[in-house]
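Heads up: the structure comes next, in C-alpha coordinates.
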Amino acid sequence: MDNNNDIQYIIADSLKEATKGAGNINIIVAGKTGVGKSTLINSIFRGEFARTGSGRPITKRIEEIKKPGHPLTIIDTKGLEVSDYEKIKDDLYNYIKERLLSDDQNEHIHIAWLCIAANGDRIENAEIDLCNMLNKNNIPVISVLTKSKKNDNFVKEAEKLLPNSKYIIPVRAIHEQLEEVDATLPPFGIDDLITSTSKLIPEAQNRAYANALSNKNKGALYVKKIQAEKEVNIASGLAITAGATPIPFSDAIVLVPIQVGMIAKIGVTFGMELSTATLATIIGSVLGSSTATIVGRTVVSGLLKLIPLAGPVIGGSIAGTTAGFLTKTLGNSYISVLYDFCFENPGKEIDIDIISASLKKKFNKLIGDKF
(Lines give C-alpha, C1' and ligand atoms only; values in the text may rest on other atoms or scores of the structure.)
Protein backbone atom coordinates (compact mmCIF):
# COMPACT_ATOMS: atom_id res chain seq x y z
CA MET A 1 0.00 0.00 0.00
CA ASP A 2 3.06 2.25 0.05
CA ASN A 3 2.93 2.30 -3.73
CA ASN A 4 1.46 5.66 -4.72
CA ASN A 5 0.47 4.36 -8.15
CA ASP A 6 -1.69 1.67 -6.51
CA ILE A 7 -3.47 4.31 -4.42
CA GLN A 8 -4.10 6.52 -7.44
CA TYR A 9 -5.45 3.57 -9.40
CA ILE A 10 -7.80 2.57 -6.57
CA ILE A 11 -9.05 6.15 -6.21
CA ALA A 12 -9.67 6.55 -9.93
CA ASP A 13 -11.41 3.19 -10.18
CA SER A 14 -13.55 3.83 -7.08
CA LEU A 15 -14.59 7.24 -8.37
CA LYS A 16 -15.54 5.77 -11.73
CA GLU A 17 -17.64 3.07 -10.10
CA ALA A 18 -19.32 5.52 -7.70
CA THR A 19 -20.38 7.93 -10.43
CA LYS A 20 -21.39 5.19 -12.86
CA GLY A 21 -23.39 3.41 -10.18
CA ALA A 22 -25.40 6.53 -9.36
CA GLY A 23 -27.72 5.85 -12.29
CA ASN A 24 -30.17 8.48 -13.50
CA ILE A 25 -33.54 9.75 -12.35
CA ASN A 26 -36.18 10.97 -14.81
CA ILE A 27 -38.97 13.28 -13.64
CA ILE A 28 -41.93 14.57 -15.65
CA VAL A 29 -42.81 18.13 -14.64
CA ALA A 30 -46.16 19.03 -16.17
CA GLY A 31 -48.32 22.12 -15.84
CA LYS A 32 -49.75 25.14 -17.58
CA THR A 33 -47.56 28.04 -18.69
CA GLY A 34 -46.75 30.38 -15.80
CA VAL A 35 -47.42 27.82 -13.09
CA GLY A 36 -43.83 28.16 -11.81
CA LYS A 37 -42.22 24.91 -12.96
CA SER A 38 -38.76 26.41 -13.56
CA THR A 39 -38.79 28.18 -10.22
CA LEU A 40 -39.76 24.94 -8.50
CA ILE A 41 -37.03 22.95 -10.25
CA ASN A 42 -34.35 25.53 -9.44
CA SER A 43 -35.45 25.61 -5.80
CA ILE A 44 -34.95 21.88 -5.40
CA PHE A 45 -32.08 20.79 -7.63
CA ARG A 46 -28.51 22.02 -7.53
CA GLY A 47 -26.93 24.32 -10.09
CA GLU A 48 -29.96 26.34 -11.25
CA PHE A 49 -30.90 23.26 -13.24
CA ALA A 50 -33.83 24.60 -15.26
CA ARG A 51 -31.91 27.77 -16.13
CA THR A 52 -28.51 26.31 -17.02
CA GLY A 53 -29.39 22.84 -18.28
CA SER A 54 -29.61 22.16 -21.99
CA GLY A 55 -32.96 21.26 -23.48
CA ARG A 56 -33.49 18.66 -26.19
CA PRO A 57 -36.86 18.96 -27.95
CA ILE A 58 -38.70 15.65 -28.20
CA THR A 59 -41.85 17.11 -29.74
CA LYS A 60 -43.15 20.64 -30.12
CA ARG A 61 -44.44 20.53 -26.54
CA ILE A 62 -42.07 18.10 -24.78
CA GLU A 63 -38.46 18.84 -23.91
CA GLU A 64 -35.78 16.89 -22.06
CA ILE A 65 -33.59 19.05 -19.83
CA LYS A 66 -30.18 17.69 -18.82
CA LYS A 67 -26.94 19.06 -17.43
CA PRO A 68 -23.43 17.53 -17.45
CA GLY A 69 -22.52 16.05 -14.08
CA HIS A 70 -26.15 15.76 -12.97
CA PRO A 71 -27.79 12.31 -12.98
CA LEU A 72 -31.16 13.94 -13.61
CA THR A 73 -33.46 14.39 -16.58
CA ILE A 74 -36.45 16.72 -16.37
CA ILE A 75 -39.18 16.04 -18.94
CA ASP A 76 -40.91 19.39 -19.36
CA THR A 77 -44.34 19.51 -21.04
CA LYS A 78 -43.75 23.22 -21.84
CA GLY A 79 -47.31 24.21 -21.04
CA LEU A 80 -50.51 22.31 -20.55
CA GLU A 81 -52.98 24.56 -22.31
CA VAL A 82 -56.52 23.41 -23.01
CA SER A 83 -56.21 24.08 -26.74
CA ASP A 84 -53.13 21.83 -27.05
CA TYR A 85 -53.94 19.31 -24.36
CA GLU A 86 -54.95 16.33 -26.49
CA LYS A 87 -51.80 16.64 -28.58
CA ILE A 88 -49.61 17.01 -25.49
CA LYS A 89 -51.23 14.00 -23.84
CA ASP A 90 -50.78 11.81 -26.94
CA ASP A 91 -47.15 12.87 -27.34
CA LEU A 92 -46.46 12.26 -23.66
CA TYR A 93 -48.19 8.87 -23.74
CA ASN A 94 -46.07 7.73 -26.71
CA TYR A 95 -42.91 9.10 -25.09
CA ILE A 96 -43.62 7.20 -21.85
CA LYS A 97 -44.34 3.96 -23.70
CA GLU A 98 -41.09 4.25 -25.64
CA ARG A 99 -39.14 4.78 -22.44
CA LEU A 100 -40.77 1.79 -20.77
CA LEU A 101 -39.65 -0.51 -23.59
CA SER A 102 -36.04 -0.07 -22.47
CA ASP A 103 -34.45 -2.83 -20.38
CA ASP A 104 -32.45 -0.15 -18.60
CA GLN A 105 -34.34 1.19 -15.57
CA ASN A 106 -32.38 4.43 -15.89
CA GLU A 107 -34.40 5.12 -19.05
CA HIS A 108 -37.80 4.74 -17.38
CA ILE A 109 -39.94 7.59 -16.03
CA HIS A 110 -39.65 7.38 -12.28
CA ILE A 111 -42.10 10.02 -11.04
CA ALA A 112 -44.26 12.92 -12.21
CA TRP A 113 -44.91 16.29 -10.62
CA LEU A 114 -48.23 17.69 -11.81
CA CYS A 115 -47.97 21.42 -11.11
CA ILE A 116 -51.23 23.31 -10.55
CA ALA A 117 -51.34 27.00 -9.66
CA ALA A 118 -53.08 27.28 -6.31
CA ASN A 119 -53.72 30.99 -6.81
CA GLY A 120 -56.10 30.07 -9.64
CA ASP A 121 -58.31 28.12 -7.21
CA ARG A 122 -59.34 25.82 -10.05
CA ILE A 123 -58.36 22.41 -11.31
CA GLU A 124 -58.87 21.86 -15.04
CA ASN A 125 -60.26 18.68 -16.57
CA ALA A 126 -57.01 18.37 -18.54
CA GLU A 127 -55.01 18.24 -15.29
CA ILE A 128 -57.31 15.56 -13.88
CA ASP A 129 -57.11 13.55 -17.10
CA LEU A 130 -53.32 13.78 -17.23
CA CYS A 131 -53.03 12.62 -13.62
CA ASN A 132 -55.17 9.59 -14.44
CA MET A 133 -53.17 8.80 -17.59
CA LEU A 134 -49.85 8.89 -15.73
CA ASN A 135 -51.19 6.74 -12.92
CA LYS A 136 -52.55 4.22 -15.44
CA ASN A 137 -49.01 3.90 -16.84
CA ASN A 138 -47.65 3.12 -13.35
CA ILE A 139 -45.95 6.47 -12.92
CA PRO A 140 -46.43 7.79 -9.37
CA VAL A 141 -47.88 11.31 -9.41
CA ILE A 142 -47.41 14.09 -6.89
CA SER A 143 -49.77 17.00 -7.45
CA VAL A 144 -47.86 20.14 -6.54
CA LEU A 145 -50.04 23.15 -5.74
CA THR A 146 -47.64 25.94 -6.68
CA LYS A 147 -47.80 29.58 -5.56
CA SER A 148 -49.80 28.37 -2.60
CA LYS A 149 -51.02 30.42 0.33
CA LYS A 150 -51.89 27.34 2.38
CA ASN A 151 -55.50 27.31 1.23
CA ASP A 152 -56.85 24.22 3.00
CA ASN A 153 -60.09 24.35 1.01
CA PHE A 154 -58.17 24.16 -2.27
CA VAL A 155 -56.09 21.26 -0.95
CA LYS A 156 -59.28 19.40 -0.05
CA GLU A 157 -60.71 20.12 -3.51
CA ALA A 158 -57.52 18.76 -5.11
CA GLU A 159 -57.68 15.62 -2.97
CA LYS A 160 -61.25 15.05 -4.14
CA LEU A 161 -60.57 15.65 -7.85
CA LEU A 162 -57.13 14.00 -8.03
CA PRO A 163 -57.54 10.72 -6.10
CA ASN A 164 -54.81 9.06 -8.18
CA SER A 165 -52.18 11.45 -6.84
CA LYS A 166 -49.92 9.77 -4.29
CA TYR A 167 -49.55 13.11 -2.51
CA ILE A 168 -51.14 16.56 -2.77
CA ILE A 169 -48.51 19.07 -1.65
CA PRO A 170 -49.03 22.85 -1.44
CA VAL A 171 -45.76 24.66 -2.19
CA ARG A 172 -44.40 28.16 -2.39
CA ALA A 173 -40.94 27.87 -3.93
CA ILE A 174 -39.70 31.42 -3.26
CA HIS A 175 -40.50 34.41 -1.07
CA GLU A 176 -43.58 36.30 -2.22
CA GLN A 177 -43.98 40.01 -1.54
CA LEU A 178 -47.51 41.22 -0.78
CA GLU A 179 -47.32 44.92 -1.51
CA GLU A 180 -50.88 45.64 -0.46
CA VAL A 181 -50.15 44.67 3.15
CA ASP A 182 -46.35 45.21 3.06
CA ALA A 183 -45.62 41.62 4.03
CA THR A 184 -43.50 38.76 2.72
CA LEU A 185 -44.72 35.20 2.55
CA PRO A 186 -41.85 32.74 3.11
CA PRO A 187 -41.30 29.58 1.05
CA PHE A 188 -42.86 26.37 2.33
CA GLY A 189 -43.62 22.82 1.23
CA ILE A 190 -40.30 22.24 -0.55
CA ASP A 191 -38.98 19.84 2.10
CA ASP A 192 -42.26 17.92 2.03
CA LEU A 193 -42.05 17.56 -1.75
CA ILE A 194 -38.41 16.40 -1.59
CA THR A 195 -38.98 13.73 1.05
CA SER A 196 -42.29 12.55 -0.45
CA THR A 197 -40.59 12.09 -3.83
CA SER A 198 -37.84 10.01 -2.22
CA LYS A 199 -40.48 7.60 -0.89
CA LEU A 200 -41.94 6.97 -4.35
CA ILE A 201 -38.91 6.54 -6.60
CA PRO A 202 -37.28 3.11 -7.12
CA GLU A 203 -34.51 2.14 -4.71
CA ALA A 204 -32.02 2.04 -7.60
CA GLN A 205 -32.60 5.75 -8.27
CA ASN A 206 -32.03 6.95 -4.71
CA ARG A 207 -28.37 7.88 -5.12
CA ALA A 208 -29.03 9.76 -8.37
CA TYR A 209 -31.89 11.66 -6.73
CA ALA A 210 -29.83 12.51 -3.65
CA ASN A 211 -26.95 13.70 -5.85
CA ALA A 212 -29.20 15.98 -7.91
CA LEU A 213 -30.74 17.72 -4.91
CA SER A 214 -29.45 21.11 -3.77
CA ASN A 215 -27.97 21.10 -0.27
CA LYS A 216 -29.81 24.32 0.63
CA ASN A 217 -32.96 22.48 1.72
CA LYS A 218 -33.23 20.52 4.98
CA GLY A 219 -35.36 17.88 3.28
CA ALA A 220 -32.57 17.31 0.77
CA LEU A 221 -29.99 16.90 3.52
CA TYR A 222 -32.22 14.32 5.18
CA VAL A 223 -32.52 12.36 1.92
CA LYS A 224 -28.75 12.57 1.32
CA LYS A 225 -27.97 11.42 4.86
CA ILE A 226 -30.30 8.42 4.68
CA GLN A 227 -28.85 7.32 1.33
CA ALA A 228 -25.25 7.84 2.51
CA GLU A 229 -25.92 5.71 5.59
CA LYS A 230 -27.02 2.88 3.28
CA GLU A 231 -23.65 3.13 1.50
CA VAL A 232 -21.85 2.91 4.85
CA ASN A 233 -23.80 -0.16 5.95
CA ILE A 234 -23.01 -1.93 2.68
CA ALA A 235 -19.30 -1.06 2.93
CA SER A 236 -19.00 -2.08 6.58
CA GLY A 237 -20.57 -5.45 5.72
CA LEU A 238 -18.03 -5.95 2.95
CA ALA A 239 -15.24 -4.93 5.32
CA ILE A 240 -16.32 -7.53 7.90
CA THR A 241 -16.16 -10.23 5.25
CA ALA A 242 -12.84 -9.00 3.88
CA GLY A 243 -11.29 -8.70 7.33
CA ALA A 244 -12.28 -12.19 8.46
CA THR A 245 -9.34 -13.91 6.78
CA PRO A 246 -7.17 -16.74 8.21
CA ILE A 247 -4.30 -14.30 8.64
CA PRO A 248 -5.80 -11.14 10.11
CA PHE A 249 -4.94 -8.07 8.05
CA SER A 250 -1.93 -9.77 6.46
CA ASP A 251 -2.33 -7.21 3.68
CA ALA A 252 -4.42 -4.15 4.48
CA ILE A 253 -4.84 -3.36 0.79
CA VAL A 254 -7.98 -5.54 0.70
CA LEU A 255 -9.85 -2.93 2.77
CA VAL A 256 -8.67 0.19 0.97
CA PRO A 257 -10.85 -0.22 -2.15
CA ILE A 258 -13.89 -0.78 0.08
CA GLN A 259 -13.22 2.31 2.16
CA VAL A 260 -12.24 4.50 -0.80
CA GLY A 261 -15.31 3.34 -2.73
CA MET A 262 -17.52 4.14 0.25
CA ILE A 263 -16.10 7.65 0.55
CA ALA A 264 -16.55 8.23 -3.17
CA LYS A 265 -20.19 7.09 -3.04
CA ILE A 266 -20.94 9.30 -0.04
CA GLY A 267 -19.44 12.27 -1.88
CA VAL A 268 -21.54 11.52 -4.96
CA THR A 269 -24.63 11.22 -2.76
CA PHE A 270 -24.01 14.67 -1.29
CA GLY A 271 -23.68 16.15 -4.80
CA MET A 272 -19.97 16.87 -4.70
CA GLU A 273 -18.27 17.63 -8.00
CA LEU A 274 -15.74 14.88 -7.48
CA SER A 275 -12.46 14.44 -9.30
CA THR A 276 -9.51 12.16 -8.67
CA ALA A 277 -7.60 15.04 -7.09
CA THR A 278 -10.51 15.94 -4.80
CA LEU A 279 -11.00 12.37 -3.67
CA ALA A 280 -7.25 11.97 -3.13
CA THR A 281 -7.30 15.00 -0.81
CA ILE A 282 -10.13 13.54 1.26
CA ILE A 283 -8.60 10.07 1.35
CA GLY A 284 -5.18 11.46 2.20
CA SER A 285 -6.59 13.33 5.20
CA VAL A 286 -7.58 10.06 6.87
CA LEU A 287 -5.87 7.22 5.02
CA GLY A 288 -2.47 8.63 5.79
CA SER A 289 -0.35 7.88 8.81
CA SER A 290 -3.51 7.05 10.75
CA THR A 291 -5.19 5.02 8.03
CA ALA A 292 -8.18 2.99 9.11
CA THR A 293 -6.69 -0.17 7.68
CA ILE A 294 -3.36 0.27 9.49
CA VAL A 295 -5.13 1.15 12.74
CA GLY A 296 -7.25 -1.95 12.30
CA ARG A 297 -4.21 -4.17 11.77
CA THR A 298 -2.53 -2.72 14.86
CA VAL A 299 -5.60 -3.22 17.02
CA VAL A 300 -6.02 -6.81 15.90
CA SER A 301 -2.36 -7.59 16.56
CA GLY A 302 -2.66 -6.16 20.05
CA LEU A 303 -5.82 -8.08 20.84
CA LEU A 304 -4.35 -11.37 19.64
CA LYS A 305 -1.47 -11.02 22.09
CA LEU A 306 -4.02 -11.06 24.92
CA ILE A 307 -5.67 -14.31 23.75
CA PRO A 308 -3.76 -17.51 24.59
CA LEU A 309 -3.43 -19.90 21.65
CA ALA A 310 -5.39 -17.52 19.39
CA GLY A 311 -5.86 -19.37 16.14
CA PRO A 312 -6.85 -18.31 12.63
CA VAL A 313 -10.61 -18.53 13.35
CA ILE A 314 -10.43 -16.31 16.41
CA GLY A 315 -8.07 -13.93 14.67
CA GLY A 316 -10.30 -13.73 11.63
CA SER A 317 -13.35 -12.99 13.77
CA ILE A 318 -11.57 -10.17 15.57
CA ALA A 319 -10.17 -8.79 12.34
CA GLY A 320 -13.56 -8.85 10.64
CA THR A 321 -15.29 -7.09 13.52
CA THR A 322 -12.56 -4.47 13.70
CA ALA A 323 -12.62 -3.90 9.95
CA GLY A 324 -16.36 -3.40 10.02
CA PHE A 325 -16.20 -1.04 12.99
CA LEU A 326 -13.44 1.10 11.51
CA THR A 327 -15.12 1.29 8.10
CA LYS A 328 -18.45 2.26 9.64
CA THR A 329 -16.78 4.84 11.88
CA LEU A 330 -14.98 6.34 8.90
CA GLY A 331 -18.18 6.48 6.84
CA ASN A 332 -20.34 7.93 9.60
CA SER A 333 -17.66 10.52 10.38
CA TYR A 334 -17.65 11.61 6.75
CA ILE A 335 -21.45 11.85 6.63
CA SER A 336 -21.44 13.88 9.83
CA VAL A 337 -18.94 16.50 8.63
CA LEU A 338 -20.64 16.82 5.22
CA TYR A 339 -24.08 17.16 6.79
CA ASP A 340 -22.90 19.73 9.33
CA PHE A 341 -21.14 21.80 6.66
CA CYS A 342 -24.17 21.82 4.36
CA PHE A 343 -26.57 22.53 7.22
CA GLU A 344 -24.50 25.49 8.40
CA ASN A 345 -23.78 26.76 4.87
CA PRO A 346 -27.00 26.16 2.87
CA GLY A 347 -26.44 26.42 -0.86
CA LYS A 348 -22.69 26.94 -0.52
CA GLU A 349 -20.27 24.81 -2.53
CA ILE A 350 -18.61 22.20 -0.34
CA ASP A 351 -15.13 23.28 0.77
CA ILE A 352 -12.83 20.28 0.38
CA ASP A 353 -10.11 21.64 2.69
CA ILE A 354 -12.59 22.22 5.53
CA ILE A 355 -14.22 18.82 5.00
CA SER A 356 -10.86 17.02 4.91
CA ALA A 357 -9.60 18.67 8.10
CA SER A 358 -12.88 18.07 9.93
CA LEU A 359 -12.99 14.43 8.82
CA LYS A 360 -9.47 13.73 10.04
CA LYS A 361 -10.15 15.36 13.40
CA LYS A 362 -13.48 13.61 13.96
CA PHE A 363 -12.33 10.17 12.84
CA ASN A 364 -9.11 10.23 14.87
CA LYS A 365 -11.03 11.33 17.98
CA LEU A 366 -13.57 8.52 17.62
CA ILE A 367 -10.86 5.93 17.06
CA GLY A 368 -8.81 7.31 19.96
CA ASP A 369 -11.84 7.20 22.29
CA LYS A 370 -12.53 3.57 21.34
CA PHE A 371 -9.01 2.23 21.39
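Atom set for the values below is all heavy atoms of this structure, side chains included, hydrogens, waters and symmetry mates excluded.
Side-chain atoms of Leu162 and Ile116, non-hydrogen and from C-beta on, do get closer than 4.5 Å to each other. Two residues are said to be in side-chain contact when any heavy atoms from C-beta on lie closer than 4.5 Å; Met133 and Asn137 meet this criterion. You'll find the side chain of Lys32 reaches within 4.5 Å of the side chain of Glu124, heavy atoms only. Using a 4.5 Å cut-off on side-chain heavy atoms (C-beta onward), Asn135 and Cys131 make no contact. Side-chain contact between Thr197 and Leu193: present, with at least one pair of heavy atoms (C-beta onward) separated by less than 4.5 Å. Side-chain contact check for Lys265 versus Lys230: every heavy-atom pair is 4.5 Å or farther apart. Leu238 has its side chain within reach of Ile234: a pair of non-hydrogen atoms, C-beta onward, lies under 4.5 Å apart. In this structure the side chain of Leu72 reaches within 4.5 angstrom of the side chain of Ile74, judged on heavy atoms.
To the nearest 0.5 angstrom, Ile109 atom CD1 is 10.0 Å from Ile27 atom CD1. For the atom pair CG of Asp76 and CD1 of Ile41, the computed distance is 6.0 Å after rounding to the nearest 0.5 Å. Going from atom CD1 of Ile194 over to atom OG of Ser198 covers 9.0 Å, rounded to the nearest 0.5 Å. Expressed to the nearest 0.5 Å, how far CE of Met262 lies from CD1 of Ile335 amounts to 8.0 Å. Rounding to the nearest 0.5 angstrom, the gap separating the CD1 atom in Ile28 from the OG1 atom in Thr73 is 11.5 Å. Leu114 contributes atom CG, which lies 10.0 Å from atom OG1 of Thr146 (distance to the nearest 0.5 angstrom).
Minimum interatomic distance between Asp191 and Gly219 (heavy atoms only, all atoms of both residues): OD1-N, 2.8 Å. Closest heavy-atom contact between Ala208 and Pro71: O-CG, 3.5 Å. The two residues Thr77 and Ala30 have their closest heavy-atom pair at OG1-CA, 3.4 Å. The nearest pair of heavy atoms linking Tyr334 to Ile263 is CE2-O, 3.3 Å. Gly331 and Ile266 get closest at one heavy-atom pair: O-CD1, 3.8 Å. When every heavy atom of Ser336 is checked against every heavy atom of Lys362, the shortest pair comes out as OG-CE, 3.2 Å.
In this structure, Asp129 contributes its side chain and Asn125 its backbone to no donor-acceptor pair below 3.5 Å. Checking side-chain atoms of Arg172 against main-chain N and O of Ser148 turns up a donor-acceptor pair under 3.5 Å. At distances below 3.5 Å, at least one donor-acceptor pair connects side-chain atoms of Lys67 with backbone N or O atoms of Gly47. Here the side chain of Tyr95 pairs no donor or acceptor atom with the backbone of Ile62 at under 3.5 angstrom. For Asp351 (side chain) and Ile354 (main-chain N/O), a donor-acceptor pair under 3.5 Å exists by modelled atom type. A donor-acceptor pair under 3.5 Å is formed between the side chain of His110 and the backbone N or O of Asn26. Without hydrogens or angle criteria, Lys224 side chain to Ala210 main chain gives a donor-acceptor distance under 3.5 Å. In this structure, Asn215 contributes its side chain and Phe270 its backbone to no donor-acceptor pair below 3.5 Å.
Within 6.0 Å of atom CG in Asp104, more than 12 heavy atoms from other residues, nucleotides or ligands are found, so the atom counts as buried in its surroundings. More than 12 non-hydrogen atoms from other residues, nucleotides or ligands lie less than 6.0 angstrom from NZ of Lys89. Lys166 NZ: 12 or fewer foreign heavy atoms inside a 6.0 Å radius.
Within the structure, no pair that satisfies the ring pair (Phe, Tyr, Trp, His ring centres under 6.0 Å) test touches residues 188-223, not counting sequence neighbours.
Residues passing the side chain to side chain contact (heavy atoms under 4.5 Å, CB included) test with Ser196 are Ile142, Tyr167, Ile169, Asp192, sequence neighbours excluded. Not a single salt bridge (Lys or Arg N to Asp or Glu O under 4.0 Å) links Lys97 to another residue, sequence neighbours left out.
For Glu231 and Arg207, the salt-bridge test passes: some basic side-chain N is under 4.0 Å from an acidic carboxylate O. The pair Glu159-Lys156 does not meet the salt-bridge criterion, since no charged nitrogen lies less than 4.0 angstrom from a carboxylate oxygen. Between Arg46 and Glu349 there is no salt bridge, since none of the side-chain N atoms of the basic residue sits less than 4.0 Å from a carboxylate O of the acidic one. Using a cut-off of 4.0 Å between Lys/Arg side-chain N and Asp/Glu carboxylate O, Glu344 and Lys218 are scored as not salt-bridged. Salt bridge status for Asp91 with Arg61: absent, with no side-chain N to carboxylate O gap under 4.0 Å.
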Applying side chain to side chain contact (heavy atoms under 4.5 Å, CB included), run through Glu229 and Ile226 and close with a yes or a no.
CA-CA 5 Å; Glu229 287 172 347; Ile226 294 299; 3.9 Å; yes

Leu40 vs Ile190, test: side chain to side chain contact (heavy atoms under 4.5 Å, CB included). Steps then yes/no.
CA-CA 8 Å; Leu40 179 70; Ile190 292 293; 3.9 Å; yes

Yes or no on side chain to side chain contact (heavy atoms under 4.5 Å, CB included) for Val144 and Val35, after CA distance, side-chain angles and deciding distance?
CA-CA 10 Å; Val144 186; Val35 78; over 6 Å; no

So Gln227 and Thr269, side chain to side chain donor-acceptor pair (under 3.5 Å) or not? Walk me through it.
CA-CA 7 Å; Gln227 177 59 29; Thr269 297; 5.0 Å; no

Test side chain to side chain contact (heavy atoms under 4.5 Å, CB included) on Leu330 and Leu326 and set out the steps.
CA-CA 6 Å; Leu330 174 60; Leu326 291 168; over 6 Å; no

Full working for side chain to side chain donor-acceptor pair (under 3.5 Å) between Tyr93 and Glu98
CA-CA 9 Å; Tyr93 176 82; Glu98 183 180 344; over 6 Å; no

Check step by step if side chain to side chain donor-acceptor pair (under 3.5 Å) holds for Asn24 and Glu107.
CA-CA 8 Å; Asn24 199 79; Glu107 293 295 319; over 6 Å; no

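Aromatic ring orientation, Phe343 versus Tyr339: parallel (interplanar angle below 30°, classes split at 30° and 60°).
Taking the six-membered ring where the residue is Trp, the centroids of Phe45 and His70 are separated by 6.0 Å or more.
A donor atom on one side chain and an acceptor atom on the other are found under 3.5 Å apart for Asn233 and Lys328. Trp113 and Ser143 are not linked by any side-chain donor-acceptor pair at a separation below 3.5 angstrom, with hydrogens and angles left out of the test.
At a threshold of 4.5 Å between side-chain heavy atoms, the hydrophobic network of Ile, Leu, Val, Met, Phe, Trp and Tyr places Leu130 and Leu100 in one connected group.
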